[in-house]
K.L.:
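This is the structure, below, for whatever I ask next.
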Amino acid sequence: MSNFNEQTVTENGIIDCLKGLSRVQWNYCHGESLPKQTHDVFVDTWLKDALCSLNPEITKTPDYADEVIYKLRGLMLEAKHTGLVKANENFHEWLMAEKSLPFGENGDHITIKLIDFDTLENNHFVVSQQVHFIAATEVFFDIVLYVNGIPLVVGEVKSATRPSVTWQDGAADFMGGQKHYWKNVEPFFVPNLLCFASEGKTFAYGAINARAKDWGPWHKTEQRDEILPGLATVLDSVEGLLNPQTLLQLLECFALFSTVKTGKNNPPKRIKILPRYPQFEAAKQIVERVKNGYPKKGLIWHFQGSGKSLLMLYAARMLRSDNDLKNPTVLIVVDRRDLNTQISETFGGADVKNLIKVNSCRKLGEHIEQDSRGILITTIFKFKEVVMDENNPDGLNKRDNIIVLVDEAHRTQEGSLGDKMRWALPNAHFYGLTGTPISGIDRNTFKLFGAEEDEGRYMNRYSYKQSIRDGATNAVKFEPRLAELRVDRTAIDEAFEEMAKEHDLDDDEKIALSKRAGKLAVMLKAPKRMAAISEDIASHFTTHVKPKHMKGMVVVYDRDACVQMYYLLGQKLGFDAVEVVMNVDQAPIKELSGSKEGKRNKDWLKWSKNPELPIEEADFERWQEIDNDDQKQKALIEDYKDPNQPVQLLIVTAKLLTGFDAPICYCMYLDKPLRDHTLLQAMCRTNRLYETDGMKKEMGLIIDYLGVFENLRTALAYNPDEIEGVVEGIEAFKALLPVQMDKCLAFFPNVDRTLEGFEGIMAAQECLPTNDKRDEFAAAFGVLSKLWSAINPDVFLNPYRTDYKWLAQVYESVRPVGQTGSLIWAALGPETIKMIHEHTDINRIRDDIDELIMDENSIFTLTEKEQKKRAAQLEIDLMGRLRGSGNPRFVALGERLEKLRQDYEAGVIKAIDWLKGLLDAAKDTVQAERETGEHPVTQQDNKQALTKLFLETRPESTPKLIGDVVEQIDKIVRTTRFEGWQSSNSGPREIQKALLLTLAQFGLGKDKELFAKAYGYIEEHY
């Protein structure tokens, strides 16, 4: 097995791949041979050579290069004061040649080039391994990629031979744990472009300070099927991402710095953003197509939640920075005000230059006619108002370097919008982006954006299944609810016919009556039904959503239903927990309320006829403000996104169903008949990735009160292959769970699951004797836990709870402590981890370690079988004690135990040595606990520990006698000791005297070893 460690398989495989690239290869230099000191970030000689060759003024005076390097070194120290991201951003400006120094004639400032982005061959590319670096701690980086002596990329690899180890374990070295590179060796990452991690089967990359959910894979969008883990897949990713062309493109056009809010009361945070591969691919395709000049259009379908706003931002930046395009105009066209806000936030947060928001049709016309350059953002509605002049074939601007990017392209078909765009900008390029597949009815979309040259009329396609496979979005599950409250049209029609017969109505009377009474709205908003649904939402939210520390949305039929639902839910959950976002007429309430039915089209105010839910004027005015004031709506949404703010549920009917990005939204309560794009977009409010307080969103959930999803094919009128698996039912999980439960239990044939304590756990562990077996069990239990998490707390699970709890305890007892393999083992459903912690009886897994402190003689009196049993028991005890502590000392102890067990399993050591090693670890654990205060010892513990100490020191003494001795010592100590007695003059003397008297009373006064151990123990514990 030793031939297949992380270095031989993964590390060398990646390096060989980079050395063999076709266009521009990486030169190889082992870390030991790098011409630099261990505390140097740069390879100065290479950096100096690059500065001289890329900057004519420095070529003339090579000493100037030393000045530049001195300034760059100063940036390495900045991170301590500004934070790593800000220091990285400042260094990025140097990499982008945005800095100048007075090296010209007469002290003129000249721009300093560190990298040649135009001619790749002018740069020096080196891959190195085992790079030694010392800052706050000493590290050896597995792989470092240097460009001109600057370390732009750092990679960590892990062993390919253990199933429980993944790329996440490599990523953990950057993010935390003992290594925590981004903190402990911060200076090395000031120039960093990206980090990557692999275990030889999968590959992921991330920007500095990225959370685990922000790391992603690197594939090609044409890879539609499942991507099989293996070294070939890793090397494909390495070749695609880590080749010099891609890295320098990422550096030049795609590395973004943005400001994000992290909660109402927290300061904004600066983050670094790198693209996912579909964004990178599609943005490059747009630019290449624009530069080629043909075809002048393209349709991009990237599934909801996979980052279309960022894609447009990347494309806009690339287009604006390309000199061949001669200062182009990029026009971003979005659909609604809520989308406008999201796009503006994405672009504004990233400090995009030359960004202009166009707020009126007149302004749009002016900007186009006046030949404004830069990035213009406007809404679809402004274009609708453009007046076409058929006598003017040149439109508003006939330039050919105008590029129009239209978001949610399928909604641009109303009226003659496409014709207006074509007339206004006859030579422009048009690119449509959509998050939902275009159905057969959307032929206009294909006409306006889909180029005939593109297969299926899509220039770039990234599907739902791909985005879930890549971890870019979560799956969305649905659960049908409350069948008795559904609208049964057939039953209503039959009852209506009965009533018509009874009252002898003619056809005209029947039509008039059914028109008024048979509207879906009347049925959906029946007070009894609304009350029952609000009751169900409140109950489900309290039991399923709130415990996950996440939030929800309620989608109802119309504005009237919004208001009814607000008062019903407010009464149950508290009015600070719910809020309404809807379009509201801006007239005063009194004027509206006083109007006659139907007057001025204010039908939605009919809630005033429900005496149980009288509308409050203050509420109405607040909804008006939220609707009318972008800042107020933004503030509300920020509160909703913040887990510490009270608003938990947003009630909507049309607003916020598109372009609203709140990852904290886990559950949508759907009580409105949606179809096609609207349904798909609404669902995808719940599919964003989210983590908080150790809770991870494994999926989005839709609770369906109308049976919308039962007719999914008709609700989503698309090619079924394209949309396959968009939603999965909870019922399907219920069918899978018993099978998976049996699969997990099959690991433990003939084990008595009613047996409690160490005996029960040890019996289970004997069925998992090797790492491979434990990994297999972990994988099976991981699937079970996800199913459990999706269904919980449904009563369906009740018959399975005992077995699940037992499996969870076994899982906890064999889970590794420390970094190796820890991340995949911890990546289970949040409820499962919580349940393990709540329901694992601490006394069972974590008894007092002192029970097992023995001297050398007593070890040798145990038989081989007893030694093995005692060691297994102590290992369970120690693992339970160490697990979950973030303290590096405990992590190190855990890793020591893991190694000890592996040595024993491999036959390197015998049971007796295993036990001795465990006893040493136990002693160090007790000491560490005392020093860190991790597990304070109670008086009861002391008495038990003392009892054990005596028993184990003098096994030949009778238990009765020992019990009496300990009781007397406890009694005397309790009456004699006082706070700080150890450091006082009289304290130790008094305790020693009391102890001597007690021991003498039992004829043990002359046993010096016993006295010394007892006193030492008392001194430590009491």
Side-chain angles (χ1 to χ4, degrees), residues 34-37 39-126 133 135 144-153 186-194 208 244 247-257 270 272 317-318 320-323 327 350-354:
L34 287 172
K36 77 175 195 73
Q37 302 296 312
H39 58 270
D40 289 338
V41 173
F42 309 121
V43 180
D44 288 1
T45 51
W46 299 345
L47 180 50
K48 188 167 181 174
D49 288 347
L51 284 164
C52 290
S53 68
L54 300 178
N55 301 278
E57 285 79 5
I58 299 178
T59 312
K60 291 177 205 161
T61 316
D63 286 354
Y64 283 158
D66 296 325
E67 262 188 69
V68 176
I69 293 171
Y70 177 75
K71 281 198 176 295
L72 294 177
R73 279 207 198 111
L75 291 176
M76 302 302 103
L77 305 173
E78 263 186 30
K80 238 189 303 188
H81 311 292
T82 63
L84 179 56
V85 174
K86 189 63 190 161
N88 187 267
E89 186 174 2
N90 292 340
F91 196 93
H92 188 263
E93 290 172 0
W94 282 88
L95 291 169
M96 290 298 95
E98 290 173 14
K99 295 291 182 181
S100 61
L101 288 171
F103 295 162
E105 284 182 33
N106 307 318
D108 289 346
H109 270 254
I110 62 139
T111 302
I112 307 297
K113 277 177 81 172
L114 301 182
I115 291 175
D116 189 336
F117 289 101
D118 300 321
T119 310
L120 287 184
E121 291 75 11
N122 289 344
N123 301 292
H124 182 213
F125 298 101
V126 174
F133 180 69
V144 179
L145 303 185
Y146 290 94
V147 178
N148 298 340
I150 302 165
L152 288 186
V153 176
E186 206 172 37
F188 203 85
F189 293 90
V190 171
N192 184 267
L193 168 64
L194 62 86
I208 49 162
L247 284 180
L248 292 196
Q249 277 180 332
L250 284 172
L251 180 61
E252 187 177 23
C253 301
F254 290 90
L256 278 183
F257 296 88
R270 202 74 177 150
K272 183 173 184 176
R317 279 185 76 199
M318 285 183 80
R320 289 285 303 142
S321 64
D322 196 309
N323 294 330
N327 194 13
D351 306 329
V352 177
K353 292 165 188 162
N354 302 314

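The figures that follow rest on heavy atoms only: side chains count, while hydrogens, waters and symmetry mates do not.
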K.L.:
Determine the interplanar angle of the F103 and Y64 rings, folded into 0 to 90°, and report it as parallel if under 30°, tilted if 30 to 60°, perpendicular if over 60°.
P.N.:
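Geometry flag for Y64 against F103: parallel rings.
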K.L.:
Go through S100 and I110 one step at a time and tell me if the side-chain contact (heavy atoms from CB on, under 4.5 Å) criterion holds.
P.N.:
CA-CA 5 Å; S100 61; I110 62 139; 5.8 Å; no
K.L.:
Could you measure the distance from the CG atom of L193 to the CZ atom of F91? Nearest 0.5 Å is fine.
P.N.:
12.0 Å
K.L.:
Can you measure from CG (N148) to NZ (K48) and round to the nearest 0.5 angstrom?
P.N.:
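Output value for this atom pair is 15.0 Å.
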K.L.:
Compare every heavy atom of F42 with every heavy atom of P191, then report the nearest pair and how far apart it is.
P.N.:
CG-CE2, 4.1 Å
K.L.:
With the side chain counted from C-beta on, respond yes when F188 and V190 share a heavy-atom pair under 4.5 Å apart, and no when they do not.
P.N.:
no
K.L.:
So do P102 and D108 actually touch side chain to side chain, heavy atoms under 4.5 Å?
P.N.:
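Not touching, per the 4.5 Å side-chain cut-off.
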K.L.:
Going from CD on E186 to CG on N88, what distance comes out if it is rounded to the nearest 0.5 angstrom?
P.N.:
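Rounded to the nearest 0.5 Å, the CD-CG separation comes out at 10.5 Å.
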K.L.:
Kindly give the heavy-atom pair with the smallest separation between C253 and M318, and that separation in Å.
P.N.:
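Smallest interatomic distance, heavy atoms only, reads CB-CG, 3.5 Å.
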K.L.:
Begin from the C-alpha positions of E89 and R270 and carry the test salt bridge (charged side-chain N to carboxylate O under 4.0 Å, His left out) through to its verdict.
P.N.:
CA-CA 10 Å; E89 186 174 2; R270 202 74 177 150; 2.9 Å; yes
K.L.:
For E98, I'd like to know if atom CD has over 12 heavy atoms of other residues, nucleotides or ligands within 6.0 Å.
P.N.:
yes
K.L.:
Out of curiosity, T119 OG1 to N122 CG, how far, rounded to the nearest 0.5 Å?
P.N.:
5.0 Å
K.L.:
For residues I208 and N192, report the shortest heavy-atom separation together with the two atoms involved.
P.N.:
CG2-OD1, 3.8 Å
K.L.:
Atom CD1 of I112 and atom CD of E67: how far apart are they, to the nearest 0.5 Å?
P.N.:
9.5 Å
K.L.:
Please give me the minimum heavy-atom distance between A65 and L51, naming the atom from each residue.
P.N.:
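Heavy atoms only, the tightest pair is O-CD1, 3.8 Å.
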K.L.:
Between the side chain of D40 and the main-chain N/O of Q37, is any donor-acceptor distance below 3.5 Å?
P.N.:
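A pair under 3.5 Å: yes.
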K.L.:
For residues E57 and G104, report the shortest heavy-atom separation together with the two atoms involved.
P.N.:
CG-CA, 4.4 Å
K.L.:
Is there side-chain contact between W46 and P35, with at least one heavy-atom pair below 4.5 Å?
P.N.:
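Side chain of W46 against side chain of P35, heavy atoms only: contact under 4.5 Å found.
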K.L.:
Please report, to 0.1 Å, the donor-acceptor pairs under 3.5 Å made by any side chain of residues 71-86, with sequence neighbours excluded.
P.N.:
{"residue": "R73", "atom": "NH2", "partner": "D44", "partner atom": "OD2", "Å": "2.2"}
{"residue": "E78", "atom": "OE1", "partner": "N90", "partner atom": "ND2", "Å": "2.8"}
{"residue": "T82", "atom": "OG1", "partner": "E78", "partner atom": "O", "Å": "3.2"}

K.L.:
For the residue pair L145 and V126, establish whether any side-chain heavy-atom pair is separated by less than 4.5 Å.
P.N.:
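No, every pair of side-chain atoms sits at 4.5 Å or beyond.
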K.L.:
Would you please indicate if the ring centroids of F133 and H39 are separated by under 6.0 Å?
P.N.:
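F133 vs H39: aromatic centres not under 6.0 Å.
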K.L.:
Do L251 and L95 make a side-chain contact, defined as non-hydrogen atoms from C-beta onward lying under 4.5 Å apart?
P.N.:
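Of all side-chain heavy-atom pairs linking L95 with L251, at least one is under 4.5 Å.
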K.L.:
Answer yes or no: are there more than 12 heavy-atom neighbours, outside N323 itself, under 6.0 Å from its atom CG?
P.N.:
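No, not enclosed.
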K.L.:
Does Y146 form a side-chain contact (heavy atoms from CB on, under 4.5 Å) with K36? I'd like the steps, not just the answer.
P.N.:
CA-CA 13 Å; Y146 290 94; K36 77 175 195 73; 3.6 Å; yes
K.L.:
Where do R320 and N327 land on the side-chain contact (heavy atoms from CB on, under 4.5 Å) test, with the steps shown first?
P.N.:
CA-CA 6 Å; R320 289 285 303 142; N327 194 13; 2.6 Å; yes
K.L.:
Go through the steps for L120 and L248 under the test side-chain contact (heavy atoms from CB on, under 4.5 Å), then give the verdict.
P.N.:
CA-CA 9 Å; L120 287 184; L248 292 196; 3.4 Å; yes
K.L.:
Using a 3.5 Å distance criterion without hydrogens, assess whether the side chain of S53 forms a donor-acceptor pair with backbone atoms of A50.
P.N.:
yes
K.L.:
Rounded to the nearest 0.5 Å, what separation is found between the CG atom of L194 and the CG atom of L247?
P.N.:
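The CG atom of L194 sits 6.0 Å away from the CG atom of L247.
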K.L.:
What are the two closest non-hydrogen atoms of K113 and A97, and how far apart are they?
P.N.:
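Nearest pair, atom of K113 first, then A97: CG-CB, 4.2 Å.
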K.L.:
Please determine whether side chain to side chain donor-acceptor pair (under 3.5 Å) holds for the pair N123 and D116, giving the CA-CA distance in whole Å, both sets of side-chain angles, and the decisive distance to 0.1 Å.
P.N.:
CA-CA 6 Å; N123 301 292; D116 189 336; 5.4 Å; no
